[in-house]
Structures are given as C-alpha cells and as structure tokens.
Amino acid sequence: EVQLQAYGGGLVQVGGSLRLSCAASGFTADDYVIGWFRQAPGTERDLTVSDFVAFVTANGNIAYEDSVKGRFTISRDNAKNTVYLQMNSLKPEDTAVYYCAAGTTNFLTDYPGSYDYWGQGTLVTVSS
C-alpha cells in the first residue's frame, strides 16, 4: 500500500526551527517528485498553486516558494525513504498545516494536481 506520512509539526516561537519529515512506504520516494504544500488552519478549499512551499525532483532539482527561500531547506534521505523540510527563522505567517505529496511528473510541480499521493498533514504553529 502506498502511503506518505508527514510528521514533525508542533508549536514553536518566532525565529525558531522545526524539521518536518515525509516518510514514504509502498514505493521508492527517490523515484518521485516530493512536494510540500501548506494551508492555514481552518481553510476550507482545495490546495492551489498559492499553497506551494517546496519540491525536490527525482534528479535533485529543488525549488521554493519565494517567502521561504533562504529559510526552508528540502532534502532527501534515500536510505530512510524520507524527505525533510527544515524550517528556520519561522514567522507567524508560516503557521499552517503542512502536507507532503509524491508525483511522477517533473512539470507544474508547484501545482497540487500534479501529485498522485498525499500525506495527512502536520500542523505547524508559530507563536509571537
């Protein structure tokens, strides 16, 4: 069974750090594009391009949403079949439920519809 499990969220103060993990099972994550998206708690709409945070492709190409550049780092640990999102210098506006996703296309990788599998989301709360 293909599964993605996102975890590592929590409550952190402004300027703090968290590392989110996206653990894959039932498939080899390094064969896929892995993306992170986020959505403010209580938002009742489907994810859109505006919710994109970061992705890493199977051949190691990486991209970030502008507001997280220089603060967030996406990385892979192929031995653990896991992708990480290291988040530093956190701001209140980073508060969101963070979702990881896996897909096979290298196009439109900031578009949620490009992804085939989704994790359940992990909540990050940044307090001021």
Side-chain angles (χ1 to χ4, degrees):
E1 180 183 6
V2 172
Q3 283 190 332
L4 284 172
Q5 183 179 8
Y7 60 94
L11 176 64
V12 63
Q13 292 187 331
V14 169
S17 298
L18 280 175
R19 188 178 77 163
L20 304 184
S21 300
C22 178
S25 59
F27 69 103
T28 303
D30 59 342
D31 291 337
Y32 285 72
V33 177
I34 304 295
W36 285 96
F37 294 80
R38 65 184 177 183
Q39 198 169 53
T43 302
E44 296 185 357
R45 58 165 176 78
D46 291 339
L47 289 167
T48 70
V49 170
S50 65
D51 301 313
F52 165 73
V53 176
F55 70 75
V56 55
T57 67
N59 60 5
N61 292 328
I62 288 173
Y64 299 97
E65 189 269 326
D66 285 347
S67 72
V68 308
K69 286 180 181 177
R71 301 188 298 122
F72 290 12
T73 303
I74 190 170
S75 63
R76 293 182 179 271
D77 185 334
N78 293 336
K80 295 184 178 179
N81 214 24
T82 298
V83 173
Y84 302 103
L85 185 69
Q86 177 67 43
M87 306 187 297
N88 299 330
S89 302
L90 283 162
K91 303 175 181 180
E93 52 264 43
D94 296 318
T95 294
V97 178
Y98 284 72
Y99 299 91
C100 65
T104 56
T105 180
N106 286 322
F107 299 98
L108 299 176
T109 40
D110 58 349
Y111 175 54
S114 297
Y115 293 84
D116 304 305
Y117 308 114
W118 289 85
Q120 81 286 6
T122 184
L123 175 62
V124 172
T125 304
V126 184
S127 66
S128 56

Qualifying residues under side-chain contact (heavy atoms from CB on, under 4.5 Å), relative to [X], sequence neighbours excluded:
| X | value |
| --- | --- |
| S89 | R71 |
| T48 | R45, S50, D51 |
| N59 | T57, N61 |

*Going by the disulfide (SG to SG under 2.5 Å) test, which pairs reach into residues 31-83, not counting sequence neighbours?*
none

*asked:* Show every salt bridge (charged side-chain N to carboxylate O under 4.0 Å, His left out) that has at least one partner inside residues 22-33, sequence neighbours left out.
replied: none

[X]: partners by side chain to side chain donor-acceptor pair (under 3.5 Å), with sequence neighbours left out:
| X | answer |
| --- | --- |
| T28 | none |
| Y98 | R38 |
| E65 | S67 |

*Apart from L108 itself, what residues make up its hydrophobic cluster when side-chain heavy atoms of I, L, V, M, F, W and Y under 4.5 Å apart count as a link, directly or indirectly?*
V49, Y111

_Members sharing F52's hydrophobic cluster (side chains within less than 4.5 Å)_ = V33, F37, L47, F55, V97, Y99, Y115, W118, L123

Could you tell me whether a side-chain N or O of [X] sits under 3.5 Å from a main-chain N or O of [Y], the two making a donor and an acceptor?
| X | Y | answer |
| --- | --- | --- |
| D77 | T82 | no |
| T95 | V126 | yes |
| N81 | F27 | yes |

*If Ile, Leu, Val, Met, Phe, Trp and Tyr residues are connected whenever their side-chain heavy atoms lie under 4.5 Å apart, and connections chain through other members, are F72 and Y84 in the same group?*
no

*Using the side chain to side chain contact (heavy atoms under 4.5 Å, CB included) rule, pick out the option among V53, I74, D110 that qualifies with Y64.*
I74

Which atom pairs, one a donor and one an acceptor, fall under 3.5 Å between side chains of residues 5-23 and the rest of the protein, sequence neighbours left out?
| unit_1 | atom_1 | unit_2 | atom_2 | d |
| --- | --- | --- | --- | --- |
| S17 | OG | N88 | OD1 | 2.9 |

*Return the minimal non-hydrogen interatomic distance between S128 and P92, and the atom names on each side.*
CB-CG, 4.2 Å

_For T104 versus Y32, what's the shortest heavy-atom pair and its separation?_
CG2-CE2, 3.4 Å

*Could you state the interatomic distance from CD1 (I34) to OG (S75), rounded to the nearest 0.5 Å?*
12.0 Å

_Restricting to salt bridge (Lys or Arg N to Asp or Glu O under 4.0 Å), what partner residues turn up for D66, sequence neighbours left out?_
K69

*Does a side-chain heavy-atom distance below 4.5 Å link M87 with V124?*
yes

